[in-house]
Amino acid sequence: AQSVTQLDSHVSVSEGTPVLLRCNYSSSYSPSLFWYVQHPNKGLQLLLKYTSAATLVKGINGFEAEFKKSETSFHLTKPSAHMSDAAEYFCVVSDLSNDMRFGAGTRLTVKP
Amino acid sequence: DAGVIQSPRHEVTEMGQEVTLRCKPISGHNSLFWYRQTMMRGLELLIYFNNNVPIDDSGMPEDRFSAKMPNASFSTLKIQPSEPRDSAVYFCASSFGGLAGDYEQYFGPGTRLTVT
């Protein structure tokens with residue numbers, strides 16, 4: 001069985017400061033890992049994905065995430081937050097059977 | 001491409017009524033997923049299809065829920081009879097690929113269902 005835990009339900013940062021959204025996973029196989037973003041009243045959009053290639057994955061809008069097998073983590077980072085980054089972020093783990101497990105989500109607030 | 005299309009965008013119905021949600025996946029995609037999102041339970045996978053065949057419906061909450069995919073370009077999620085606890089946003093997503101889990105899913109805008 002696989003699972004994913006997003007360690008913070010809510011993160012608040014000031015515009016221009018770094019963003020860190022934490023995600024830990026559990027999987028019996030080599031997992032695929034994703035980060036999705038959901039803006040208010042919108043569907044989910046893929047930010048980036050890891051599928052056993054480079055451990056540092058770059059995504060859209062300046063986000064990146066690093067796969068650390070020893071720590072079973074896949075934290076999402078961005079050097080400088082923009083107001084438009086305010087949204088809900090979901091970490092997702094998937095194994096060979098297309099069984100995708102979503103984390104509970106982290107709501108990112110960006111203060112001016 | 002127009003992306004994943006869902007209809008209606010909003011649905012308000014009374015308890016006991018039948019509700020049908022519709023989804024048109026992206027052309028060429030062969031996997032389709034139905035999700036439900038609520039504040040209490042977050043995002044839940046209800047069912048997914050591969051090549052129009054239901055692969056896993058273990059997330060369907062009970063017999064009141066049913067889903068069909070008669071062809072590659074259309075799927076429905078039906079609730080009969082509806083109950084207030086079914087109020088949620090229902091998302092449809094599609095992807096291209098086999099059963100391997102490393103394919104990006106493209107989400108529709110969702111249907112906000114309110115059952116009174």
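Chain A is the first sequence line, chain B the second, and so forth, proteins listed ahead of strands; every chain is numbered from 1.
By the ring pair (Phe, Tyr, Trp, His ring centres under 6.0 Å) test, B:Phe107 is found to be paired with A:Tyr36, B:Tyr35, residues two or more places apart in sequence or in another chain being considered. Under the ring pair (Phe, Tyr, Trp, His ring centres under 6.0 Å) criterion, B:Phe49 pairs with no residue at all, not counting sequence neighbours.
Heavy atoms closer than 4.5 Å to chain A are found nowhere in B:Glu44, neither backbone nor side chain. There is no contact between A:Gln45 and chain B, counting heavy-atom distances below 4.5 Å. Looking at B:Arg112, only its side chain comes within 4.5 Å of chain A, counting heavy atoms on both sides.
Sparse packing is recorded around OH of B:Tyr106, with 12 or fewer heavy atoms of other residues, nucleotides or ligands lying under 6.0 Å away.
Between A:Phe74 and A:Tyr50, the ring-plane angle classifies as tilted under the 30° and 60° cut-offs.
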